[in-house]
Every structure is written in structure tokens, then in C-alpha cells.
**Student:** 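Have a look at this one.
In listed order, ligands and their atoms are each counted from 1. Side chains are part of it too, since the values below use all heavy atoms of this structure and drop only hydrogens, waters and symmetry mates.
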Amino acid sequence: MQTYAPPTEDYRFLLTDVLDFDGAMAELGQTEVDAELAVTVLEEAGRFCAERLQPLNRVGDEEGSRLEASVVRTPTGFADAYRQFIAGGWTSLSADPAYGGQGLPFIAQLWLDEMISATNLSFGLFPGLTRGATEAIAAHASDALKATYLPPMISGAWSGAMALTESGAGTDLALLKTKAEPNGDGSYSVTGTKIFISSGDHDFGGNIVHLVLARLPDAPPGVKGISLFIVPKFRSEAEGKLTARNAMSVGALEKKMGIHAQPTCVMNYDGATGWLVGEPHRGVTAMFTMMNAERLMVGIQGLGVAGAAYQQAAAYARDRLQGRGADGAGPVPIIAHADVRRMLLNIRAFVEAGRALAGWTAIQLDRAHAHPDAAERAKSDAVVALLTPVIKAAFTDFGFESAVQAQQVFGGHGYIREWGMEQYVRDARIAQIYEGTNGVQAVDLVGRKLALGGGTVVEGFFDLVAAELDEAADLTGNLAVIARTRDALALLRGATASLRGASVDTAGAAAVDYLRLFALVAMGWMWSRMAAAATKSETPFHKAKLSVADFFALRMLPQAQGLAAGIAAGEAPVMALQAEAF
Ligand SMILES: Cc1cc2nc3c(=O)[nH]c(=O)nc-3n(C[C@H](O)[C@H](O)[C@H](O)COP(=O)(O)OP(=O)(O)OC[C@H]3O[C@@H](n4cnc5c(N)ncnc54)[C@H](O)[C@@H]3O)c2cc1C
């Protein structure tokens, strides 16, 4: 059976030696929160994930969620685990204390998400979507709606779902057809069919609060005519008591490649009662609050699966005897073979840098909410907006590639169900697709995010990275990872300049390569920070950090040159072939 060791030592190292967590919290006036407290919370969270969620991962995959007489049944043990998850207070960790949340820093939430995703990706979508929904409600709904919905959703008694997609409207929300007609009493009748709705229904009890995108009768065409509605499974009275069942039902559960335990629903809304969230016709803006939160979480899913797959593969590689070592003796554990080590190091170099970058971004999110200086809040908000598509797409691409490489370490046994490696591959794949495909994230980065603040946001980020690399070089001498990250940053700056004002096709042709180049630089920056911190100690943990930093510098960062060359080739190689010739 798979086991999971929560990466607590790494969290501690990052909080204390790399991210200056205590300093960051002091700047926000949160002196009662420090690294020790965060580690204690993460240790407890890790125990829950390892002991309660990990054992259900396989059961969930094999049983899957089922639709029985229009009722969704989750796999054995899921409803109990969810109740324990609520009882442990894990749904309210970083939520607003005004509505019953614990108000802990977002870093605790994001790393909890890593451990949940590592142990049970399907399970994680239930609280994950609820959290995204509460954020959209908190940011855009009326006080009355907030008072009704936020406390039970934050406590976990009620859950949330996000209903955007229709069969004819996926990436392009302008095409959606679901309608909302005013009832004359402040509520609306919502009618339409949505597909692919994660956590659309379940058997955990409580209400299920759908955030549904629909068009009002007077809606202008396109995305500017879409509004957002709260459509709960049960009508609820002000004090949160559930009353009549709303006119909505699960038409079917999607049969899919992975995340079998997660009920992905076709949802029919047949004149279901809903309430407008925010302004009419401004629903996409409101929904983006939810989607941005979800995009970070989905990026972390890639990280979580990669970390878990790494643990299984590293243990197997130390155990499995095959072939001879360099001295001709054998059989040796396969960890002796350079190619097996290469695969493991590819995964580890991503996971540890990704964890650090996620932590840095989480601190920026807290600054964006709570920094006393408005200019600092705006600066942090902008850098999170810049990094969100990078984290979503790069982490989930690396996550899937990592799952495949970890499976490869098992040889044929990786292809056999028993070892669980093929489940990681199947489960990790969806994260590259939902919450906006990774291709669309890359287009968002190049088309919208580079233009933030007239280009000052991305330039400010590059200046920050450059200044920190200089600082790290002064402290440590020019470690390979610092020198190589500087080279990659120069390539990234050049690519950025070449894409400024580029045509749609030039930007689109470059976007995915550009996003990966960006991610490599961001990870190189984190490896430089970690390596600089690791030079201060001689423990095996710190020595390993330096070793993996070197691997990242010398084996992964050189990809920057190939990516830059692809970007420089422009649109012609991609656009020249006529559509009919494909
Ligand atoms: C298991 C699962 C769970 C999901 N959960 C939810 C959920 O909870 N709620 C919800 O509302 N939706 C959900 N989705 C839907 C998911 O977000 C969409 O499938 C996804 O956004 C892509 O839309 P699509 O499938 O219609 O693909 P399309 O939009 O048809 O895209 C097809 C291809 O074209 C590319 N493409 C499309 N437009 C562009 C463009 N402008 N520029 C460049 N490339 C483009 C895409 O990258 C993709 O490769 C889920 C999907 C799945 C499979």
C-alpha cells in the first residue's frame, strides 16, 4: 500500500530560512502567527492527510462515485472522512474570522492543499471548490447573501460547486445559453444544462451551493451579458435551515480517465431559484475571483501528485534489484543507475522549487489582503495575478510529467494497478485541462498579464529576481544555479520584449514555450534562495538541497535556450500550414 510522509521538514526550512515568514507576518501586524505555529498546524494537517485521506485514495479510484436513483453516492469512507475533515477545522483554516474562519495565513492553506492533493486529489476538490465559491460570494454578494451562505460554507456544513461549462461553451463563455428570468421577488428562475460540474452533488449532507453563470433576458451578447447566481440545492431560511428542494438535478455522472471518486456531474437547472451575485451582466468578473483562487489550487494539485509519486518511486528505486553497477557487481538497487536518478531528480527539482514558489506567492496573497500600505497591497495583488497562470499551467504540466516519470521508475510494475502509479498518472492529467486549459493559461500570461500596469508588473518582477540573484551571489559566491538563472532571466527578458505588441498569432504560437521559460526562471530564483540558505549548514538535508540545486541548474535550466529559440522562431512555423492540410 502507498504511504505518504508529509514534507514537514521542508516546510520548516522554507518558513524559517528561505521565505522569512516571521518577518512577513510582522509586517502585516500578525505577530501572533509565526513559523512554529504554522509548522504545528501543517504537522497536524499532514497527519490527517496521511492517516485518513491516503487510505481512501485507492478505494475512491476503484469504487468511484455512482448515481443511484438520481442520488450521488461517493465511495466508501468519503462521507466519514469529510465529516472528520470538518471536525478538524480544516475547511476554515484561512477563511475570514468575521464568518467563522480561523484567519490563518494563506501559506498554511496552500500547503494543506499540497498534502490533500498528494493523498487524495478527488477528495480535495470538495473543500477546494467550496473555498473558491466562498471567496466569490465574499467579494461580490450582498450582505444578506453573505450572512446566509458564508458561515455554513466556511464551517464545511455546506459545500460549493462552480457551474460555468456547457456542451457548447467551454473556454469561450460568451457562447453560454443558460437563462435566468426575474421572479419579481428578488429571486430568479435559472434554466439550462451545465456539464462537467465537479462536486455538483454528493452524500455528505448539508446544502450544495452552486455558483451558476447565466444570461438575463436583457443581456447583451457575449461575455458582457453573463451574470452570476447562487443556486442552492435546497432553499434555505435566513438562519440556515434547509427547506424545499430546488428545481435542479444530476442528469448523469461523467465517466472519466481519473479522479473517479469525484462526482463530475451533468446538472439540469429547471427553473431553479437563484439569487444574483454582484451586478447584472458582470458575472464573469465575479466568477474570476473564484477561478483565480481555484487556479492556484489546481497548480498545487500538480505539485501534490508529483511529491507523492516521487516518494513511492524513490522508495521503490532503493529496493528494486536489477542490473549491475558501474563496478560490474550486481544485481544492484536501480537507484544506482544514472537514468533512474535522472528521473527522480527531475521530479524532486520541480517539487521543491514549486513548493517554495507556492509559499512565496501565498505570502503575497496575504500582503495583498492585509498590508497596511495600499500601494504594497496593489503591488502584491498584481504579482499574484502575474504568477497565477504560471503556477496553474507549469505546475500541472510538471505534475503530469512527474507522475509519468515516477511510473517509469517502476518499469512494467508502474503500469499495473497494484502499485498505484498509474492512478497518479490518470489523476494528474485533469489538472492540465480544467480551470482553463494550460494552453489558455499561457495565452492569458502573454496576452493579458504581460500588459499589466503597462508592462511594469512583469518588469518589476524581473527586477526583483535580478536583485535577489545578485544578493545571493554576493553571499555565496556564484553558485551554478545563480549563474544559470541569471542567463535564463536574460533570455526571458528578451522574449518578453519580443512579444510586446505581438500579433495574436505570434503571441499564441509562443505562449506555451514562454510560460515554461517563465516557470524555469521562477524556479531557478527559488532554487537560488534555497541554495543560499543551504550553504549555512552541513546537515544531510542542506547538502541534499545544494545537490538538487546543481541538478536543476545544469540539467533543467538549459531547456531555457531551446524554449527561447522556439519563441524567436515566431508564428510562421505554426501558422503556415493551411487548416485544410491538417
Ligand atoms: C473532470 C472535469 C471537471 C471539471 N470541472 C468543472 C467544474 O467544476 N465547473 C465547470 O464549469 N467546468 C468544469 N470543467 C470544464 C473545464 O473547465 C473545461 O473542460 C475546460 O475549461 C475546457 O473547455 P472545453 O472542454 O469546452 O474545451 P474547448 O474550449 O473546446 O477547448 C478545446 C481545445 O482548444 C483550445 N482552445 C480553446 N480556445 C482557445 C483559445 N482562445 N486560444 C487557444 N486555445 C484555445 C483549448 O486549449 C483546448 O486545447 C471540468 C472538466 C472536466 C473534464
Side-chain angles (χ1 to χ4, degrees), residues 60-61 64-65 72 121-122 124-133 136 159-178 192-202 208-214 222-223 226 228-229 231 250 252-267 269 283-284 286-288 290-295 297-298 301 389 392-393 396-397 426-448 503-515 571 574-575 579 582:
D61 186 51
S65 277
V72 170
L121 195 61
S122 287
L125 281 162
F126 293 104
L129 283 158
T130 306
R131 201 170 70 241
S159 65
M162 165 172 114
L164 292 74
T165 306
E166 299 176 9
S167 59
T171 303
D172 190 355
L173 293 172
L175 300 172
L176 71 80
K177 293 203 164 72
T178 297
T193 297
K194 299 282 181 181
I195 62 168
F196 299 162
I197 307 309
S198 303
S199 311
D201 197 22
H202 54 69
I208 305 177
V209 181
H210 289 225
L211 287 185
V212 181
L213 286 182
V223 278
I226 298 169
L228 181 64
F229 298 87
V231 183
V250 181
L253 290 189
E254 310 286 4
K255 294 191 173 59
K256 50 198 195 297
M257 173 180 178
I259 56 166
H260 290 158
Q262 172 52 225
T264 311
C265 303
V266 175
M267 289 300 311
Y269 305 92
V284 170
M287 190 56 109
F288 263 104
M290 175 160 188
M291 287 175 73
N292 283 333
E294 297 299 321
R295 283 177 178 171
M297 186 195 79
V298 170
Q301 292 180 338
K392 193 284 175 180
T396 58
D397 282 349
R426 287 184 290 103
D427 284 359
R429 185 68 180 87
I430 185 56
Q432 297 173 289
I433 297 172
Y434 60 19
E435 283 310 326
T437 62
N438 284 359
V440 170
Q441 301 302 317
V443 169
D444 175 50
L445 175 66
V446 174
R448 291 181 52 233
S503 71
V504 170
D505 285 341
T506 302
V512 165
D513 286 345
Y514 179 86
L515 187 144
E571 68 178 75
V574 178
M575 298 309 290
F582 276 84

**Student:** Among Q301, M297, M162, find the residue that satisfies the side-chain contact (heavy atoms from CB on, under 4.5 Å) test when tested with E435.
**Tutor:**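 That would be M162.
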**Student:** The test is side chain to side chain contact (heavy atoms under 4.5 Å, CB included); show your working for L164 and L176 and say whether it passes.
**Tutor:** CA-CA 8 Å; L164 292 74; L176 71 80; 5.8 Å; no
**Student:** For R426, what residues pass the side-chain hydrogen bond (donor to acceptor under 3.5 Å, both in side chains) criterion, not counting sequence neighbours?
**Tutor:**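 Per chain and number, R426 pairs via side-chain hydrogen bond (donor to acceptor under 3.5 Å, both in side chains) with D61, E422.
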**Student:** Can you tell me which residue pairs pass the salt bridge (Lys or Arg N to Asp or Glu O under 4.0 Å) test with a partner in residues 164-173, sequence neighbours excluded?
**Tutor:**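 Every pair satisfying salt bridge (Lys or Arg N to Asp or Glu O under 4.0 Å) with a residue in residues 164-173: E166-K194.
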**Student:** Partners of D513 by side-chain hydrogen bond (donor to acceptor under 3.5 Å, both in side chains), sequence neighbours excluded?
**Tutor:**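 Listed in chain order: nothing, the list is empty.
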**Student:** Step by step, work out the side chain to side chain contact (heavy atoms under 4.5 Å, CB included) result for S199 and Q262.
**Tutor:** CA-CA 7 Å; S199 311; Q262 172 52 225; 3.1 Å; yes
**Student:** Which parts of the protein, at residue level, reach under 4.0 Å of ligand 1 through a heavy atom?
**Tutor:**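 Within 4.0 Å of ligand 1, protein side: M162, A163, L164, T165, G170, T171, F196, I197, S198, K256, T264, I430, I433, Y434, E435, G436, T437, V440.
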